[in-house]
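Accompanying notes for the structure given below.
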Amino acid sequence: MNYWLMKSEPDVYGIGDLKRDRQTIWDGVRNYQARNFLRSMQPGDLVFFYHSNVVPPGIAGLMKVVESNIADPTQFDFASRYYDVKSTKESPRWQTVCVEFVEELSTLVSLDTLRSQFSPDDLLVVRPGNRLSVMPINPEVAQKILVLAR
DNA sequence: GCCAACGTTGGC
DNA sequence: GCCAACGTTGGC
């Protein structure tokens, strides 16, 4: 099993929304590095749900990949801001995953806490200026984050 | 609201 | 293929 971190602005879609929906397709990722990480996710992988662009930012919950290699439906939707005129149904450009709610943390593991525990080499999300919205977490770091979350 | 980081676009 | 201009992300 692999571990990941994915960001979302809670004003747009937060852990509370996932708790209500139980599952969601993680659509709208339009960065190739992030997409490549999405492509390598497997069912069963654990994903930290990170709340960005909010005070304080941090890890707010846990989710699990239930289905991988899904063509992001918004790339074919004219009305979507994520519509991609160059993508075709025969060879979709953007893949994503379906995730399932696992847990809403009673206490946010804040970016400040993460910075105090991990170096940018251990955890990409604490690197200053980091904008990647999907990133891998090494298992050792993931276990430590899970301890901080309890 | 500001601004640093950095990905993307487009002229050449 | 280079690189300046531009747009977006996201912390503060």
Side-chain angles (χ1 to χ4, degrees), chain A residues 2-21 23-41 45-65 68-99 101-138 140-142 144-150:
Chain A
N2 292 307
Y3 299 89
W4 309 90
L5 178 148
M6 299 204 292
K7 298 178 183 173
S8 181
E9 301 186 16
D11 293 346
V12 178
Y13 195 88
I15 188 70
D17 296 298
L18 182 59
K19 187 175 186 178
R20 176 199 63 218
D21 297 342
Q23 290 192 353
T24 195
I25 291 178
W26 202 267
D27 60 22
V29 173
R30 294 293 181 273
N31 168 287
Y32 286 103
Q33 198 181 353
R35 181 209 61 185
N36 293 343
F37 287 134
L38 285 165
R39 281 180 171 174
S40 58
M41 289 185 190
D45 287 358
L46 192 72
V47 184
F48 295 100
F49 194 136
Y50 181 93
H51 281 178
S52 65
N53 217 9
V54 69
V55 181
I59 293 169
L62 305 174
M63 50 194 169
K64 192 171 68 177
V65 176
S68 54
N69 197 30
I70 298 170
D72 183 337
T74 61
Q75 68 195 305
F76 307 121
D77 178 0
F78 296 102
S80 171
R81 64 175 290 208
Y82 301 115
Y83 176 68
D84 185 343
V85 69
K86 293 176 185 165
S87 189
T88 63
K89 296 248 180 187
E90 293 71 35
S91 69
R93 178 178 296 193
W94 304 104
Q95 286 79 28
T96 188
V97 295
C98 181
V99 287
F101 175 80
V102 172
E103 184 182 338
E104 180 172 9
L105 301 184
S106 52
T107 311
L108 184 89
V109 181
S110 70
L111 180 58
D112 281 348
T113 300
L114 293 171
R115 281 199 211 284
S116 74
Q117 301 292 317
F118 303 105
S119 73
D121 288 340
D122 289 335
L123 187 62
L124 283 174
V125 78
V126 308
R127 179 179 300 175
N130 161 71
R131 297 188 310 163
L132 192 61
S133 67
V134 179
M135 65 189 74
I137 305 285
N138 87 51
E140 217 168 287
V141 170
K144 289 181 184 167
I145 294 172
L146 288 170
V147 171
L148 293 171
R150 306 299 164 204

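Chain letters run A, B, ... following the sequence lines, proteins first and then strands; every chain starts at 1. Computed from a predicted model, the values in this text were never measured in an experiment.
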*Using a cut-off of 4.0 Å between protein heavy atoms and nucleotide atoms, how would you tag nucleotides 5-12 of chain C 5' to 3' with B, S and -?*
--BBBBBS
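- At least one side-chain heavy atom of A:Leu62 sits under 4.5 Å from a side-chain heavy atom of A:Phe48.
- Two residues are said to be in side-chain contact when any heavy atoms from C-beta on lie closer than 4.5 Å; A:Val126 and A:Gln117 fail this criterion.
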*asked:* Go through it in stages, so that I can follow the logic: the residues are A:Thr74 and A:Asp72, the test is side-chain hydrogen bond (donor to acceptor under 3.5 Å, both in side chains), and I'd like the CA-CA distance, side-chain angles, deciding distance and then a yes or no.
replied: CA-CA 6 Å; A:Thr74 61; A:Asp72 183 337; 2.6 Å; yes
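- Aromatic rings from A:Tyr32 and A:Trp94 are positioned such that their centres are separated by under 6.0 Å.
- Although no hydrogens or angles enter the test, the distance criterion places a donor-acceptor pair under 3.5 Å between the side chain of A:Ser87 and the main chain of A:Arg93.
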